[in-house]
Amino acid sequence: MIPWLTIAIALPVIGAAVIWALPRVKTSQAAAPAGASASAGAAATAGAATATATRAPAATAAGAAGSPAGTAKRVALGFSVLTLVVLAAMALRFDTSAAGGLQFEEVYPWIPRFGVHFALGVDGIALTLILMSAVLVPLVILAAWNENEDREDGGRGYFALILVLEAMMIGVFAATDVFLFYVFFEAMLIPVYFMIGRYGRGEDRARAAVKFLLYSLAGGLVMLVAVIGVYVIGGTFLWTDLVGEGSALAAVDPGTARWLFLGFFIAFAIKAPMWPVHTWLPSAAGASRPGTAVLLVGVLDKVGTYGMLRYCLELFPSAVSWFVWPVVALSLVSIVYGAILAIGQSDMMRLVAYTSVSHFGFITLGIFALTPQAQAGAALYMVNHGFATGALFLVVGFLVARRGSSLIEDYGGVQKVAPKLAGVFLVAGLAGLALPGLAPFVSEFLVFIGVYAFHPAPAVIAASGVVLAALYILWMYQRTMTGETPARLSGLRDLSGREMWAVAPLLALIIAFGLYPQPLLNVINPAVERTVEVGTADTAGAGADGASEEGGEE
């Protein structure tokens, strides 16, 4: 049997190693051509502000084709595309007629003394999230092609970190050993910390990186206690041996199950992020390069909601009913609170980050409604949100690269000078507000149907998030793209060919899955049915009567 998942994890790591093995040449050593005069340098400095808005995407010496930095870009793109091809070949062999169990399983002893295995496998939910990650990475590399060239290494380290992060993302979704999952969960923090702190933008990037790290580490330490508890009770870290009625974990005392559930849930709520542990996200996204923000919000945050489905619901079904209504309440606060704060933002990067707080509220609401439609919608929402928010962050990044600012007030009338850029912005924005015909609408609609079947009141309250989404998206578009074009933007260039290649696949997927989502649902539904069956086994009456003590003790 071909170890598809191991290969997919190894390829980006190998690519990162190749990049780090390239000769180290500082940007300053490859700066201006010999013979350049001091007066030419002074003239370039004097025209820096104009060049920011109008410069062509010409490569600097640091990013030239023959330089280490230029080679690094091509290596990163090549290995990311190769990883996508391997995962696509694996996905074609996925059996959608199976009953939602794991496929492509690999189990190798890792630390036998403690029962730790390098165990991998995917169900339909994990597979779609892995494929989403593999699609986003090469597009992020293309979009960030000319970024970070002002850094000492010409941005070479940034591309290596992207590949390392890709390996961690695939690993965390594929891990079927709880300890291995924890290792990937924590290891992801390292590349993201440096992508924000070293290669981010603005003076606050170091503080934002530390804030991200501290929040994530705090949640991870709480989860580590729960992981140890699971091992002590269950006698193993293998997920397949921990789930099911015959496992030792299924017979655990209901009070203990609730504490273990809470240990996992706190870490996942921080990662998701849910209100009130969301405050790291706007800071991190605001200080990130757009490509980093795409992976941070589009993929890493999904680890939180994926963990709720895979670990909270399936490992501790007896505790689920006790937490249903508290999580539903937190989800509703996230939906409304995130949307209201998004409306008040003056920075586009922070605005998109707050929209994601609202969107993740829909996802967690769907997960804990415990109905097939709501959970299918939540799982589909994770994928569609990654594509839609990824496209929105990328187009905002294109604007920032041209103007040097992410403030809304620095723009206006862009559609007159850059119609392709404005068009992409509009489609990505409409996807963000779940316009019918675009992919997020399908997932949001399924969540509403399932939540209404669970209880009408949360569905009615959540509907306000749809109205607020139209407000913050359309108002942002109006202020940046319409109206008179200021003189400072008169030379703003439209999307280049490379930038179109970076964003066009996302738009195509948003439209394709908006018109025909069935291929994704065929993959997701068997896993959702298994999760609903396990998660609702001890939650009878939770939707109508709230959390039931009796339900947790049966």
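Nothing here was measured: the structure is a model prediction, and the numbers come from that model.
A search for salt bridge (Lys or Arg N to Asp or Glu O under 4.0 Å) contacts involving R479 returns nothing, not counting sequence neighbours.
Side-chain contact check for L295 versus V140: some heavy-atom pair is nearer than 4.5 Å. When side chains are defined from C-beta on, V328 does not count as touching T364, because their heavy atoms never get closer than 4.5 Å. Here the side chains of T128 and L520 are in contact, with some heavy-atom distance below 4.5 Å.
The distance from the OG atom of S331 to the CG atom of L365 is 5.5 Å, given to the nearest 0.5 Å. M132 CE to L129 CG: the interatomic distance, rounded to the nearest 0.5 Å, is 5.5 Å. Going from atom CG of L296 over to atom OG1 of T389 covers 11.5 Å, rounded to the nearest 0.5 Å. Here the CD1-OG distance, from I141 to S80, works out to 3.5 Å after rounding to the nearest 0.5 Å. The structure places OG of S405 at 9.0 Å from CZ of R488, a figure rounded to the nearest 0.5 Å. Remark: L136 CG to L506 CG distance equals 6.0 Å, nearest 0.5 Å.
S358 places a side-chain N or O within donor-acceptor distance of the main-chain N or O of I335, the cut-off being under 3.5 Å. One N or O on the side chain of R289 and one on the backbone of Y199 form a donor-acceptor pair closer than 3.5 Å.
The heavy-atom pair separating W475 from I343 by the smallest distance is CZ3-O, 3.4 Å. Of all the heavy atoms in M348 and V396, the pair that sits closest is CB-CG1, 3.8 Å. Between A267 and G220 the shortest heavy-atom distance is CB-N, 4.4 Å. Across G412 and P486, no two heavy atoms sit closer than the pair O-CD, 3.1 Å. Here the closest heavy-atom approach between residue D347 and residue S406 is recorded as OD2-OG, 2.6 Å. The heavy-atom pair separating K211 from S283 by the smallest distance is NZ-OG, 3.6 Å.
Just one of Y337, Y215, F360 meets the ring pair (Phe, Tyr, Trp, His ring centres under 6.0 Å) condition when paired with H278; it is Y337. The residue from W322, Y311, F264 that alone fulfils the ring pair (Phe, Tyr, Trp, His ring centres under 6.0 Å) condition with F316 is F264.
Taking the six-membered ring wherever Trp is involved, the centroid distance between the rings of F368 and F323 does not fall below 6.0 Å. Ring to ring, F212 and Y193 are not that close: their centroids are 6.0 angstrom or more apart. Here the two rings, on W325 and F454, have centers that are under 6.0 Å apart.
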Inset, instruction - Decide yes or no on side chain to side chain contact (heavy atoms under 4.5 Å, CB included) for D301 and Y306, but give the supporting numbers first. - result: CA-CA 9 Å; D301 290 355; Y306 170 77; over 6 Å; no
Legend entry - side chain to side chain contact (heavy atoms under 4.5 Å, CB included) assessment of K271 paired with F185: CA-CA 10 Å; K271 184 74 76 176; F185 184 88; 3.5 Å; yes
Inset, instruction - I would like to know whether E186 and M168 meet side chain to side chain contact (heavy atoms under 4.5 Å, CB included); could you show each step before the answer? - result: CA-CA 9 Å; E186 293 289 76; M168 300 298 104; over 6 Å; no
Inset, instruction - May I have the step-by-step check of side chain to side chain contact (heavy atoms under 4.5 Å, CB included) for M481 and L426, ending in yes or no? - result: CA-CA 9 Å; M481 298 292 148; L426 180 61; over 6 Å; no
Which side-chain N or O atoms in residues 430-452 pair as donor and acceptor under 3.5 Å with protein atoms at least two apart or in another chain?
unit_1, atom_1, unit_2, atom_2, d
S443, OG, N384, ND2, 3.4
S443, OG, P440, O, 2.9
E444, OE1, Y381, OH, 2.7

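Summarising the local packing, CD of E203 is surrounded by 12 or fewer heavy atoms from other residues, nucleotides or ligands at distances under 6.0 Å. Summarising the local packing, CZ of F194 is surrounded by 12 or fewer heavy atoms from other residues, nucleotides or ligands at distances under 6.0 Å.
For the residue pair S356 and H385, a side-chain donor N or O sits within less than 3.5 Å of a side-chain acceptor on the partner.
Ring geometry for F181 versus F268: interplanar angle over 60°, hence perpendicular rather than tilted (30 to 60°).
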